[in-house]
Amino acid sequence: MPNKRITHRRKHAYNTNRNRVRVVKTPGGRLTGHYILKRGKVPVCDETGEKLRGIKSYRPIERSRAKRRTKTVSRAYGGCKSANCVRDRIIRAFLREEQRIVKRVLKAQQKK
């Protein structure tokens, strides 16, 4: 069996999370190391903490370079809050407005 040891081409030789290497054999028979990129985190909802559907996970620099359509969803608060959270906010706002109208009507009735 060939020797699997290779030398790191960048930074230091320590086995850290960022410095991981996959051993690959070239067509010439040499063993070289391909650096493994860290995986990006999936964006989560601000309030509920659930994963946002329809949005790709990126590393921070990749995210800044990505197209807008991969980072958002065409909806109010798309890319920040989940659909359930937005629905609850809309219902809450509607009920609050209804309550305000009811208070106003009751006040008018009491004056009469």
How many angstroms lie between OG1 in Thr70 and CZ in Arg63, if you round to the nearest 0.5 Å?
8.0 Å
So which atom in Lys81 and which in Val86 form the shortest heavy-atom distance, rounded to 0.1 Å?
CB-CG2, 4.1 Å
Please test Lys25 against Arg30 for side-chain contact (heavy atoms from CB on, under 4.5 Å), starting from the C-alpha separation and ending with a verdict.
CA-CA 6 Å; Lys25 197 168 191 179; Arg30 285 176 49 231; over 6 Å; no
NZ or CZ of Arg9 within 45° of Tyr35 ring axis and under 6.0 Å:
no
Point-to-point distance, once rounded to the nearest 0.5 Å, from CZ of Arg18 to CG of Leu37
6.5 Å
Does the Thr72 side chain pair with the main chain of Arg69, one donor and one acceptor, at a distance under 3.5 Å?
no
For side-chain contact (heavy atoms from CB on, under 4.5 Å), just list the numbers for Lys67 and Lys71, CA-CA rounded to whole Å, side-chain angles, deciding distance to a tenth of an Å, and then say yes or no.
CA-CA 7 Å; Lys67 288 186 168 67; Lys71 297 186 279 189; over 6 Å; no
Are any of the side-chain heavy atoms of Ile55 and Val73 separated by less than 4.5 Å?
yes
Going from CG on Asp46 to SG on Cys85, what distance comes out if it is rounded to the nearest 0.5 angstrom?
8.0 Å
Neighbour count above 12 (heavy atom, 6.0 Å) for Tyr77 OH
no
Val21 vs His8, side-chain contact (heavy atoms from CB on, under 4.5 Å): CA-CA, chis, key distance, verdict
CA-CA 8 Å; Val21 177; His8 288 275; 3.3 Å; yes
Do Leu106 and Gln109 come close enough that some side-chain heavy atom pair is under 4.5 Å?
yes
Please give me the minimum heavy-atom distance between Ser57 and Gly40, naming the atom from each residue.
CB-O, 3.6 Å
Whether the side chain of Arg20 engages the backbone of Asn17 through a donor-acceptor N/O pair (distance < 3.5 Å, no angle test) should be reported.
yes
Carboxylate-amine/guanidinium proximity below 4.0 Å for Arg100 and Glu97:
yes
Enter the distance from Ile90:CD1 to Leu95:CG here, rounded to the nearest 0.5 Å.
12.0 Å
For side-chain contact (heavy atoms from CB on, under 4.5 Å), just list the numbers for Ile91 and Arg87, CA-CA rounded to whole Å, side-chain angles, deciding distance to a tenth of an Å, and then say yes or no.
CA-CA 6 Å; Ile91 292 169; Arg87 187 178 61 214; 4.0 Å; yes
Donor-acceptor contact below 3.5 Å, side chain Asn19 vs main chain Tyr14
yes
Of all the heavy-atom pairs spanning Leu52 and Gly79, show the shortest one and how long it is.
CD1-O, 3.4 Å
Counting only heavy atoms not in Asn15, do more than 12 sit closer than 6.0 Å to its CG atom?
no
Can you spot which of Glu47, Arg89, Glu50 makes a side-chain contact (heavy atoms from CB on, under 4.5 Å) with Asn84?
Glu50
